[in-house]
Structure formats: structure tokens, C-alpha cells
Amino acid sequence: MRMISKETLQALRERYPKGTRVELVHMDDVQAPPVGTKGTVSGVDDMGSIMVAWDNGCGLSVAYGVDACRKVE
């Protein structure tokens, strides 16, 4: 597990506030939704994982330092 600084955690929370739309770029999990799946951020936890309600019903979070998503404008 990677540690995250308070400053980085705050920056993630500012970049991905609740309601932000994101698209999955990479997720290192066999049960991950397909790359390109879109979803809505429900928050960022204390470990820096971005909690996402994926449009396909999946609820896996984007793990800080392992997985990647991008904001959809």
C-alpha cells in the first residue's frame, strides 16, 4: 500500500469532487470494468482512492498510485 501526503490527498479531493465524471484509463484488477468505462465520483477516501459509481454498475475504486482515470469534461 502506498502512503499519500496530506497535500496530495487534498489535491485529489479538489480535482475529483463528488459528482465529477471520469473515464477509466487503467485498473489493475481482474474484475475491473473495461477501459473507457465512464462513471461518477462519489468521493476520495483517506488512502487517496477515487470512489466511482461506474455506469456499468461496478463499484471498484481507482486505487491511488496503481490505477488511472481521467476527468470527462
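Throughout, numbering of the chain's residues begins at 1 and tracks the sequence.
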For [X] and [Y], which heavy atoms make the closest approach, and how far apart are they?
X     : Y     : value
Val35 : Leu24 : CG1-O, 3.7 Å
Val44 : Met51 : N-CE, 3.8 Å
Asp67 : Asp28 : OD1-N, 2.8 Å
Gly59 : Trp54 : N-CD1, 4.3 Å
Pro33 : Cys58 : CD-SG, 3.8 Å
His26 : Val66 : CD2-O, 3.4 Å

Next item on the list: Not counting sequence neighbours, which residues clear salt bridge (Lys or Arg N to Asp or Glu O under 4.0 Å) with Asp46? List them please.
Entry: Arg13
Notebook entry, point to check: With Asp29, which residues qualify under side-chain contact (heavy atoms from CB on, under 4.5 Å), at least two apart?
Noted result: Met27, Gln31, Ala32, Leu60
Next item on the list: Please step through side chain to side chain contact (heavy atoms under 4.5 Å, CB included) for the pair Arg15 and Val41, ending with a clear verdict.
Entry: CA-CA 11 Å; Arg15 178 161 173 77; Val41 173; over 6 Å; no
Checklist line | Criterion side chain to side chain contact (heavy atoms under 4.5 Å, CB included) on Ile50 and Cys69, from CA distance to verdict | finding: CA-CA 9 Å; Ile50 302 167; Cys69 67; 3.9 Å; yes
Check: Can you tell me how far the CE atom of Met47 sits from the CE atom of Met3, to the nearest 0.5 Å?
Finding: 10.0 Å
Note to self: For the CD atom of Glu14 and the OG1 atom of Thr20, what is their distance to the nearest 0.5 Å?
What the structure shows: 12.0 Å
Next item on the list: Look at atom NZ of Lys18 and say whether more than 12 heavy atoms of other residues, nucleotides or ligands are closer to it than 6.0 Å.
Entry: no
Item checked: Trace of the side chain to side chain contact (heavy atoms under 4.5 Å, CB included) decision for Tyr16 with Val62 -> CA-CA 11 Å; Tyr16 297 102; Val62 178; over 6 Å; no
